[in-house]
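Since the structure comes first, as structure tokens, the remarks are kept for the end.
Note that these values count all heavy atoms, side chains included, but never hydrogens, waters or copies made by symmetry. What you see is a predicted model; the values in this text were computed from it and never measured. Along the sequence shown, residues are numbered consecutively beginning with 1.
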Amino acid sequence: RKEFVDLYVNYVFNESIRKLFEVFMQGFLRGCPARKWKMFLPVELQTVLEGHTKFDWRLLEKNVMYVQYGMLDRTIRNFWTVFHKLPEEKKKMFLAFLSGSDRIPGCGLEHFRFSIVDPQVEKPDEHYPSASTCRRILFLPR
């Protein structure tokens, strides 16, 4: 029985997917040559590929650039007051809304920048916040 189980497990996890995995690996290595990945420790490589999962939200606030706003504007102060009261999961949802990902890229939070812009609409109460994920801009009506 042990031999049967070992052979079956080997078939399911190795032999049955060998061709598919080889094709995947060939394509992956074409875009990401293995010699470049060898310089990373496994934990570092995971961070490069997946991004950071632990956040210092105060550092995020410190790295923001404001356009047509000042750091002390009432809208900005209210935004950060509400933001810091959110549970962790909602903060990650905001990050995904802003950047398209709920993780910080491998370069780290100290290099993660985004802008809060006043869209300067006529009736700001009739507009919702919106974001440009490629440029990491939050359009926040007053």
Side-chain angles (χ1 to χ4, degrees), residues 2 4-142:
K2 182 182 180 337
F4 172 79
V5 169
D6 288 345
L7 289 172
Y8 183 75
V9 167
N10 182 53
Y11 174 76
V12 169
F13 289 114
N14 297 314
E15 300 303 321
S16 69
I17 62 166
R18 185 173 308 281
K19 276 188 174 181
L20 291 172
F21 183 76
E22 287 172 1
V23 172
F24 165 77
M25 183 60 93
Q26 182 182 12
F28 183 81
L29 291 177
R30 188 178 309 149
C32 305
R35 66 183 180 280
K36 300 220 177 180
W37 296 108
K38 289 182 179 178
M39 69 178 165
F40 294 108
L41 296 172
V43 172
E44 294 171 329
L45 183 58
Q46 182 177 6
T47 300
V48 167
L49 294 174
E50 293 182 358
H52 293 276
T53 56
K54 296 202 175 150
F55 309 102
D56 177 355
W57 299 112
R58 296 283 174 191
L59 183 56
L60 179 73
E61 178 182 359
K62 187 175 154 189
N63 289 340
V64 173
M65 295 172 284
Y66 300 101
V67 180
Q68 288 110 20
Y69 272 123
M71 190 189 296
L72 300 176
D73 282 343
R74 178 181 211 118
T75 302
I76 298 300
R77 287 191 327 243
N78 288 343
F79 171 79
W80 287 114
T81 299
V82 170
F83 179 83
H84 288 300
K85 289 180 182 178
L86 292 172
E88 191 75 9
E89 200 55 41
K90 294 283 186 184
K91 289 176 182 175
K92 289 180 183 179
M93 288 172 71
F94 168 77
L95 197 58
F97 172 73
L98 175 68
S99 67
S101 174
D102 66 348
R103 295 169 184 239
I104 298 292
C107 61
L109 191 58
E110 58 275 2
H111 300 289
F112 184 85
R113 306 253 189 277
F114 78 96
S115 301
I116 298 179
V117 176
D118 179 357
Q120 297 185 325
V121 291
E122 280 189 35
K123 299 178 182 176
D125 290 338
E126 295 178 8
H127 294 271
Y128 293 111
S130 60
S132 171
T133 55
C134 359
R135 296 182 293 158
R136 294 188 197 138
I137 297 174
L138 174 65
F139 296 101
L140 185 65
R142 290 187 181 267

Exercise. Kindly determine whether Trp57 and Glu88 satisfy side chain to side chain contact (heavy atoms under 4.5 Å, CB included), including the steps that lead there.
Key: CA-CA 10 Å; Trp57 299 112; Glu88 191 75 9; 3.2 Å; yes
Exercise. To the nearest 0.5 Å, tell me how far Arg135 CZ sits from Leu98 CG.
Key: 12.0 Å
Practice problem: Keeping the roles fixed (side chain from Ser115, backbone from Val117), state whether a donor-acceptor pair exists under 3.5 Å. | Solution: no
Quiz prompt | For Ala131 against Phe97, the heavy-atom pair lying closest together | solution = CB-O, 3.5 Å
Exercise. With sequence neighbours excluded, tell me which residues meet side chain to side chain contact (heavy atoms under 4.5 Å, CB included) with Leu59.
Key: Asp56, Lys62, Asn63, Leu109, Glu110
Practice problem: Determine, stepwise, if the pair Leu86 / Phe83 fulfils side chain to side chain contact (heavy atoms under 4.5 Å, CB included). | Solution: CA-CA 5 Å; Leu86 292 172; Phe83 179 83; 4.1 Å; yes
Practice problem: Before giving the answer on salt bridge (Lys or Arg N to Asp or Glu O under 4.0 Å), spell out for Arg58 and Glu61 the whole-Å C-alpha distance, their side-chain angles and the decisive distance to 0.1 Å. | Solution: CA-CA 5 Å; Arg58 296 283 174 191; Glu61 178 182 359; 3.6 Å; yes
Quiz item: Would a 4.5 Å heavy-atom cut-off, applied to side chains only, mark Val64 and Trp80 as touching?
Solution: yes
Quiz prompt | Atom of Pro141, atom of Pro124 and distance for their closest heavy-atom approach | solution = CB-O, 3.7 Å
Quiz item: Any idea which heavy atoms bring Met39 and Glu44 closest together, and the distance?
Solution: O-OE1, 4.3 Å
Practice problem: Given ring-ring contact (aromatic ring centres under 6.0 Å, His included), test Phe55 with Phe112 step by step and report yes or no. | Solution: CA-CA 11 Å; Phe55 309 102; Phe112 184 85; 9.0 Å; no
Self-check item: From CD1 (Ile116) to CZ (Phe139), nearest 0.5 Å
Solution: 12.0 Å
Self-check item: Test log, rule side chain to side chain contact (heavy atoms under 4.5 Å, CB included), inputs Asn14 and Phe21
Solution: CA-CA 9 Å; Asn14 297 314; Phe21 183 76; over 6 Å; no
Quiz prompt | CG-OH distance between Leu138 and Tyr66, expressed to the nearest 0.5 angstrom | solution = 10.5 Å
Practice problem: Supply the atom-to-atom distance Arg113 CZ to Ile137 CD1, rounded to the nearest 0.5 angstrom. | Solution: 15.0 Å
Self-check item: Under the salt bridge (Lys or Arg N to Asp or Glu O under 4.0 Å) test, residues paired with Asp125 that sit two or more places apart
Solution: none
Exercise. Kindly write out the residues that satisfy side chain to side chain contact (heavy atoms under 4.5 Å, CB included) with Met93, not counting sequence neighbours, or none if the list is empty.
Key: Lys90
Quiz prompt | For Leu140 against Thr75, the heavy-atom pair lying closest together | solution = CD2-CG2, 3.9 Å
Quiz item: Between Asp73 and Arg142, is a side chain to side chain contact (heavy atoms under 4.5 Å, CB included) present by the stated rule, with each step listed?
Solution: CA-CA 9 Å; Asp73 282 343; Arg142 290 187 181 267; 3.7 Å; yes
